[in-house]
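One structure is given here, and the rest of the page talks about it.
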Amino acid sequence: MKFTYKRLFIISAILLSLIGIIFIYSAGTYWSSIHYEDELPFYIKQSIYLILAIVVFLTVANMPIFTQEKTWIVLYVFSLLLLILVLIPGIGLERNGSQSWIGLGPLTIQPAELVKITTLMYLSFLLSKVRNDERVVQIKHFLIIIIPCGLIMLQPDFGSVFILVVAAFILLFIAKYPIKLYVGFIVLGIVGLVALIASAPYRLKRIEAFINPWADPLVSGFQAVQSLLAIGPAGLLGHGFQESRQKFLYLPEPQNDFIFSIILEEIGFLGGCVVLALFAVFIYSGCGLAIQSLKSSDFYAISALVGMVGFQAALNIGVVIGLIPVTGVTLPFISYGGTSLMIIWFVVAIIISFANQSDTT
């Protein structure tokens with residue numbers, strides 16, 4: 001049964017990645033030819049990134065060091081240092097209003113992607129040491145979450161903070177933190193959201209665009225409107241592969257955050273359900289690996305990482321179909337981007353590494 005869960009988990013990740021390359025080819029070729037005519041097409045870059053990601057996966061999955069607490073303490077501190085470096089002018093690169101990347105020659109890394117993993121892993125090991133009769137609020141647990149969140153918001157990158165906070169609270173819930181504590185979290189969350197909106201008026205415009213994107217269809221509501229125009233007429237089967245209309249400079253950078261719009265436009269509702277089914281298989285098999293873990297630290301770690309990926313996928317799809325305000329979050333495995341693809345396969349490798357440890361125990 002362990003082998004079955006592991007096999008389903010890896011196969012679903014591979015299929016999602018291949019679907020990503022196929023639709024990056026369809027969605028991004030025209031955009032690439034117009035804006036990056038002297039560079040390799042997006043789908044070729046993504047194919048190279050996938051090969052590198054598989055190499056990372058095969059390496060990390062067979063390294064027991066990634067199942068040890070000391071490793072994640074070091075990586076947590078290292079990822080915090082990267083978050084500080086990215087804020088330094090000349091080191092951090094700014095894109096779309098956020099200083100979230102560090103350039104390494106032709107490559108760029110996004111420290112926020114790494115810190116989400118290291119925070120959840122470090123927290124998992126700490127929670128595994130807490131006895132059932134000690135399930136009370138511990139300040140250090142929240143400091144581990146709050147410190148990286150504060151640094152990420154300085155970039156700013158609200159989407160990454162949102163994913164990290166929700167994944168961390170899922171982990172705390174699994175670890176049986178007192179239920180009444182979450183009432184306080186909700187209140188603090190509402191207060192914090194109001195403060196964030198007040199500090200950056202563009203966030204209020206996103207909320208307004210979410211409520212009624214047609215009120216300003218050419219500016220604040222542009223992405224939401226174009227996404228709906230892609231999805232609405234597609235029907236059950238879509239217009240056909242490569243027959244998207246919105247990818248022709250209507251939907252900005254269709255190979256990135258809104259690639260699911262192009263998927264729905266070209267292969268319709270039923271095709272979109274296939275993608276959702278693959279994510280469901282990924283989450284189901286990941287949960288199966290977590291349940292079969294022999295140590296509580298392994299259970300927490302796998303659960304947290306699977307929860308993070310599942311929530312990020314749900315958040316992206318919610319934005320695309322108009323259920324959630326635009327957040328700038330990519331669709332795991334599928335959206336274009338070397339850093340995001342490498343990181344998501346790093347997550348898969350960590351989970352498999354923990355599963356391998358359970359198999360040999």
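Basis for what follows: all heavy atoms, side chains included, without hydrogens, waters or symmetry-related copies.
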Check the hydrophobic clustering (I, L, V, M, F, W, Y; side-chain heavy atoms under 4.5 Å; chains of links allowed) and say if [X] and [Y] are grouped together.
X      : Y      : result
Phe78  : Ile91  : yes
Tyr76  : Val165 : yes
Ile147 : Ile88  : yes
Val326 : Leu228 : no
Leu75  : Phe125 : yes

Return the [atom1] to [atom2] distance between [X] and [Y], rounded to the nearest 0.5 Å.
X      : Y      : atom1 : atom2 : value
Gln255 : Ser26  : CD    : OG    : 11.0 Å
His239 : Gln246 : NE2   : CD    : 8.5 Å
Ser244 : Ile262 : OG    : CD1   : 3.5 Å
Leu120 : Leu171 : CG    : CG    : 6.5 Å
Ser227 : Leu264 : OG    : CG    : 8.0 Å
Met121 : Ile73  : CE    : CD1   : 12.0 Å

If we only count heavy atoms from C-beta on, is the [X] to [Y] side-chain gap below 4.5 Å?
X      : Y      : answer
Ile267 : Ile263 : yes
Phe142 : Leu172 : yes
Val320 : Ile317 : no
Leu123 : Tyr300 : no
Tyr336 : Lys45  : yes
Pro254 : Tyr30  : no
Gln46  : Phe42  : no
Ile10  : Ile14  : yes

Nearest heavy atoms of [X] and [Y], plus distance in Å:
X      : Y      : value
Ile152 : Ser160 : CG2-CB, 4.1 Å
Gly20  : Ile259 : O-CD1, 4.3 Å
Pro89  : Gln99  : N-NE2, 4.1 Å
Val309 : Ile344 : CG2-CD1, 3.5 Å
Ile24  : Ile334 : CD1-O, 3.4 Å
Gly338 : Tyr49  : CA-CD1, 3.3 Å

[X] side-chain N/O to [Y] backbone N/O, donor-acceptor pair under 3.5 Å:
X      : Y      : answer
Asp298 : Ala355 : no
Gln155 : Leu87  : no
Tyr250 : Leu229 : no
Ser353 : Ala349 : no
Thr118 : Val115 : yes

Q: Scan residues 269-281 for pairs that pass side chain to side chain donor-acceptor pair (under 3.5 Å), counting only residues two or more places apart or in two chains.
A: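 Qualifying pairs: none.
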
Q: List in chain and number order the residues that pass side-chain hydrogen bond (donor to acceptor under 3.5 Å, both in side chains) with Ser335, two or more places apart in sequence or in another chain; answer none if no residue qualifies.
A: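 In terms of side-chain hydrogen bond (donor to acceptor under 3.5 Å, both in side chains), with neighbours along the sequence ignored, Ser335 is linked to no residue.
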
Q) Ala290: what forms a side chain to side chain contact (heavy atoms under 4.5 Å, CB included) with it, not counting sequence neighbours? A)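 Ala290 satisfies side chain to side chain contact (heavy atoms under 4.5 Å, CB included) with Phe299, Ile302, Ser303 once adjacent residues are dropped.
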
Q. Side chain to side chain contact (heavy atoms under 4.5 Å, CB included) with Val329: which residues, sequence neighbours excluded?
A.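 Expected list: Ile163, Gln312, Leu315, Thr327.
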
Going by atom type alone, with no hydrogens or angles, which donor-acceptor pairs under 3.5 Å involve a side-chain atom of residues 60-69 and a protein atom two or more places apart or on another chain?
| unit_1 | atom_1 | unit_2 | atom_2 | d |
| --- | --- | --- | --- | --- |
| Asn62 | ND2 | Leu58 | O | 2.7 |
| Thr67 | OG1 | Pro64 | O | 2.6 |
| Thr67 | OG1 | Gln357 | OE1 | 3.0 |
| Glu69 | OE1 | Lys129 | NZ | 2.9 |
| Glu69 | OE2 | Lys129 | NZ | 2.9 |

Q | Test side chain to side chain contact (heavy atoms under 4.5 Å, CB included) applied to Ile109 and Val86, step by step | A | CA-CA 10 Å; Ile109 60 172; Val86 81; over 6 Å; no

Q. Do Ser297 and Ser128 have side-chain N/O donor and acceptor atoms under 3.5 Å apart?
A.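 On atom types as modelled, these side chains do not qualify, holding no pair under 3.5 Å.
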
Q) Does the side chain of Thr330 pick up a donor-acceptor pair with the side chain of Ser340 at under 3.5 Å? A)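 Result is no, nothing qualifies.
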
(Q) Please determine whether side chain to side chain contact (heavy atoms under 4.5 Å, CB included) holds for the pair Lys116 and Ile343, giving the CA-CA distance in whole Å, both sets of side-chain angles, and the decisive distance to 0.1 Å. (A) CA-CA 10 Å; Lys116 287 188 292 187; Ile343 287 291; over 6 Å; no

Q: Check step by step if side chain to side chain contact (heavy atoms under 4.5 Å, CB included) holds for Ile351 and Val348.
A: CA-CA 5 Å; Ile351 293 172; Val348 173; 5.9 Å; no

Q. Could you go step by step and tell me if Lys6 and Asn356 meet the side chain to side chain contact (heavy atoms under 4.5 Å, CB included) rule?
A. CA-CA 9 Å; Lys6 194 184 300 184; Asn356 288 340; 2.7 Å; yes

Q: Test salt bridge (Lys or Arg N to Asp or Glu O under 4.0 Å) on Lys247 and Glu266 and set out the steps.
A: CA-CA 11 Å; Lys247 68 183 179 184; Glu266 294 192 348; 3.5 Å; yes

Ring-plane angle category for [X] and [Y], please: parallel below 30°, perpendicular beyond 60°, tilted otherwise.
X      : Y      : result
Phe23  : Phe241 : perpendicular
Trp345 : Phe333 : perpendicular
Tyr43  : Tyr25  : perpendicular

**Q.** Greater than 12 external heavy atoms within 6.0 Å of Phe248's CZ
**A.**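 Buried by this count: over 12 neighbours within 6.0 Å.
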
Q. For Ser261, which of Leu251, Val319, Ile321 qualifies under side chain to side chain contact (heavy atoms under 4.5 Å, CB included)?
A.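 Going through Leu251, Val319, Ile321 one by one, the side chain to side chain contact (heavy atoms under 4.5 Å, CB included) with Ser261 is satisfied by Leu251 alone.
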
In a table with atom names and distances, give each donor-acceptor pair under 3.5 Å that connects a side chain of residues 273-288 to protein atoms at least two apart or in another chain.
| unit_1 | atom_1 | unit_2 | atom_2 | d |
| --- | --- | --- | --- | --- |
| Ser285 | OG | Phe9 | N | 3.4 |
| Ser285 | OG | Val281 | O | 2.7 |
| Ser285 | OG | Phe282 | O | 3.1 |

